[in-house]
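Everything below concerns the one structure shown next.
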There are 4 protein chains.
Amino acid sequence: MAPKTKEQYAKIREDRKEEILNAALELFARQGVNHTTMQDIALKAGISKGLIYNYFTNKEDLLNELIKSFINHLYDYFDPDGDGILSTEEMEYFIEQQVENLMKNIDYYKFLYMLLMQPSAQEMMEKLQLEVLTSKMWKMIGTYFQIHNFTDPESETWIFHTILDGIAINYVFNPDKYPIDKIKKLVIQKYCNLK
Amino acid sequence: MAPKTKEQYAKIREDRKEEILNAALELFARQGVNHTTMQDIALKAGISKGLIYNYFTNKEDLLNELIKSFINHLYDYFDPDGDGILSTEEMEYFIEQQVENLMKNIDYYKFLYMLLMQPSAQEMMEKLQLEVLTSKMWKMIGTYFQIHNFTDPESETWIFHTILDGIAINYVFNPDKYPIDKIKKLVIQKYCNLK
Amino acid sequence: MAPKTKEQYAKIREDRKEEILNAALELFARQGVNHTTMQDIALKAGISKGLIYNYFTNKEDLLNELIKSFINHLYDYFDPDGDGILSTEEMEYFIEQQVENLMKNIDYYKFLYMLLMQPSAQEMMEKLQLEVLTSKMWKMIGTYFQIHNFTDPESETWIFHTILDGIAINYVFNPDKYPIDKIKKLVIQKYCNLK
Amino acid sequence: MAPKTKEQYAKIREDRKEEILNAALELFARQGVNHTTMQDIALKAGISKGLIYNYFTNKEDLLNELIKSFINHLYDYFDPDGDGILSTEEMEYFIEQQVENLMKNIDYYKFLYMLLMQPSAQEMMEKLQLEVLTSKMWKMIGTYFQIHNFTDPESETWIFHTILDGIAINYVFNPDKYPIDKIKKLVIQKYCNLK
DNA sequence: CATGAATGAGTATTCATTCAT
DNA sequence: CATGAATGAATACTCATTCAT
């Protein structure tokens, strides 16, 4: 049997970790963090309870990694053609995408907002704050508002986020009554139909 | 002859229940539901552990009652002079008030948003939905937008809520960086500085 | 309002006690001693929890009174015409009666046998032993066997009880398969069809 | 490579379960089900409280398994030389054995009769009924009565059991007064001194 | 690396019993 | 006498975490 290289081992570890996180995420989202046991996660991930502790020091650490992972991938799909400039079409696509995701994964979003309410999320947010604020995405949106002559581009970026979060919260609370399509159109009209 | 009248007992029960809910709310908000023991709640409420179970079947039930109570009082403080008409000053006051509350009680808000993410909250929301949507407040805001010639008053009402929730979420996540004062001013400008 | 005499009070107390015992008996038999709370008993007896403690010092005492009461009434219905002599017809009637009772009240009998297995029952049995063994019934059965020329009347009395208990146990365990009618006939044949 | 084979784990589990059942049986019999805590059982079995729950879902389940185990082993010791024919000597030995067991383990018998009074025992009894009735022992006793020209061998089998149970109950209730030796002799005389 | 038996601190929950009114 | 709110000791049960193999 061929011994594996260090890289191969690292790869295996990384994959395994990912699998555990995925299992945990699904279970946490469906049945809550507290009602999900390490056993449940192990079962779902197809491994033994003990093995989880080779990858995460404890349950809290697992949860934190989940939050971190989420925050890191928060805007992954915000990845336009890479020219660094957001066209109105790309902006529209981004908004459409956000709303579609939201509608498809209510439970998931609920859980994520919940995660972000965790005290432990706060620290991580703080650590990641600078990154986020100086992120490509953030800057691109700011630039977008600048290019399209919004009065206060920076504030508008915040407002933009505020609205997106507000939509998510309202929809998640009240998926039946909240007129998400109409709101989406209004948002697109405000931010993409620029003369 | 009964030692106390039925009314007296009912009063005692009502008061105790309230006390327990208050104690639980504060502890839950500060240290989280899971890190709060029934013992903690009893201690804070100045009663014995066992008594809680005379009023709530279990911890979950207690949490649900808390959610219900919260939803019921959601807009209690939205109670203007009672003429049924929202002046721009009253609207401004309302917004200022909201933001002030938010800033004063971040933990509380975090907990409340968390509560509302609970699956059990959903049912209650649904039950209360009609009430909320047909509530005086909701109507008054709609009327306000109508009077001030907003294009689509109903949608504007939703947007208004969307923005308020978005502000809360963003501030709660990121109290240091989120420019809540500036956003507040922009909101007031949009909704109160009419002409 | 006319004041009550001591006798009236004593009567009320006795009746109330009886009611509580009846309520307890039914609940204990149906759902077991441990799954029956004092609250349950109070509810069934139509009184308040606290009042039970005016009549019984505690739950165990209540159970003991129940056992005592049961033992005392064990052979109540063994009360023939009072001439002190058991005719073969009366003996047959007694056996028929026993079996009928058994078949009608399986749960009740189960519970009673259970009660008698309680350690606390033992003491009482001992106290009551002499009474039982010297009881009218016991003597009458002994006399019956003497009159009808059984070899060892005293042992036969024990055997008689042994068989009756054995029938009860077997029927209670296995009401569907146990041929109680046939056994009953054989017992009657043995003890009543005496030439 | 698994650290232990499936078989090894299965063996461990089987042994542990047995140990727990044994510990529980002894404690239950001596001090009653309710006065025996899971802690007690764990202590007696030399394991931790929690481990019990790896083998039994709860206390009730543990009790049920005990009943099941008892019923399954009810007649284990009825295992004569294996020629399938019960000699009068073997019959006598069986009766002697039964009585001796009874006298040695009053508490144990009390507990077992109690167990069998449990509602949950009934179901199990029903399931096992056919097996018991068609068991080797049952048949052998029937054959015994047939060979020795009892009028109705089947009924006699039932009567035989009735008497044995009756003896047990009476002795258990009243070990001091019940003339068990005399009764035993009479039973042996009836069933073993044939011609 | 991987397993799952084993641990035990931590807690929710029950309910007999008390007692002020 | 009667009530039911209040107590708190007693315990079942959970589950994250450890560790021998």
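If you're wondering where the values come from, they're calculated on a predicted model, not measured in any experiment. Values below: all heavy atoms of this structure, side chains included; hydrogens, waters and symmetry mates excluded.
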Do D/Val33 and D/Met114 touch side chain to side chain, with heavy atoms closer than 4.5 Å? no
Quick one: does D/Lys49 reach the base of E/dG10 with a side-chain donor-acceptor pair under 3.5 Å? yes
Output yes when at least one side-chain N/O atom of D/Arg16 is less than 4.0 Å from OP1 or OP2 of E/dA5, else no. no
Could you give the CD-to-C1' distance, from B/Gln8 to F/dA2, as a whole number of Å? 15 Å
For the pair made of CG in D/Leu27 and C1' in F/dT11, what is the distance, rounded to whole Å? 16 Å
Looking across every strand, which nucleic acid part, if any, lies under 4.0 Å from B/Asn54 by heavy atom: base, sugar-phosphate, or nothing? base
Between which residue ranges does DNA chain E form stems of three or more consecutive Watson-Crick or G-U wobble pairs, both distances under 3.5 Å? E:2-21 with F:2-21
Between E/dT3 atom P and A/Ile52 atom CD1, what is the distance in whole Å? 11 Å
Can you tell me how far P of E/dC15 sits from CD of C/Glu60, to the nearest Å? 17 Å
Side chain proximity check, C/Phe28 to C/Leu112, heavy atoms < 4.5 angstrom: no
Minimum-distance nucleotide (side-chain atoms of A/Met38 versus F/dT17, F/dA5, E/dC1): F/dT17
State which of E/dT7, F/dA6, E/dT3 makes the closest approach to the side chain of D/Ile47. E/dT7
Whole Å only: how far is the NZ atom of D/Lys6 from the C1' atom of E/dA2? 13 Å
Considering heavy-atom distances to DNA chain E, does D/Gly46 or A/Ser48 have its closest nucleotide positioned more toward the 5' end? A/Ser48
Please round to the nearest 0.5 Å and tell me the distance separating atom CD1 of B/Ile52 and atom OG1 of B/Thr57. 12.5 Å
E/dG4 phosphate, OP1 or OP2: any side-chain N/O from D/Tyr9 under 4.0 angstrom? no
Quick check on F/dA16: is either OP1 or OP2 less than 4.0 Å from any side-chain nitrogen or oxygen of A/Lys59? yes
Applying the side chain to side chain contact (heavy atoms under 4.5 Å, CB included) test to C/Phe56, which of C/Leu21, C/Ile41, C/Asn64 qualifies? C/Leu21
Would you say E/dG4 has OP1 or OP2 under 4.0 Å from some side-chain N or O of D/Arg13? no
Side-chain touch D/Phe173/D/Ile106, heavy atoms, less than 4.5 angstrom: no
Expressed in angstrom and rounded to an integer, what is the separation of A/Phe28 atom CZ from F/dC15 atom C1'? 13 Å
Proximal nucleotide (of F/dA6, F/dT3, E/dC1) relative to the B/Ile12 side chain: F/dA6
Mind calculating the distance between CD1 (B/Ile20) and P (E/dT13) to the nearest angstrom? 14 Å
Is the number of heavy atoms from other residues, nucleotides or ligands under 6.0 Å of D/Gln39 CD greater than 12? yes
Would you call B/Lys68 and B/Glu65 a salt bridge, taking side-chain N to carboxylate O under 4.0 Å as the test? yes
Looking across every strand, which nucleic acid part, if any, lies under 4.0 Å from D/Thr36 by heavy atom: base, sugar-phosphate, or nothing? sugar-phosphate
So which one's nearest nucleotide on DNA chain F is more toward 5', C/Gly50 or A/Gln39? C/Gly50
Looking at residues at least two apart in the chain, or sitting in another chain, which of them share a salt bridge (charged side-chain N to carboxylate O under 4.0 Å, His left out) with A/Glu26? A/Arg30, A/Lys44
What nucleotide among E/dA16, F/dA5, F/dT14 has an atom nearest to a side-chain atom of C/Thr37? E/dA16
Is the phosphate of F/dA2 approached by C/Tyr55 (side-chain N or O, under 4.0 Å from OP1 or OP2)? yes
Between F/dT11 atom C1' and D/His35 atom NE2, what is the distance in whole Å? 13 Å
Give a yes/no answer on whether the side chain of D/Tyr53 brings an N or O atom under 4.0 Å of OP1 or OP2 in F/dC13. yes
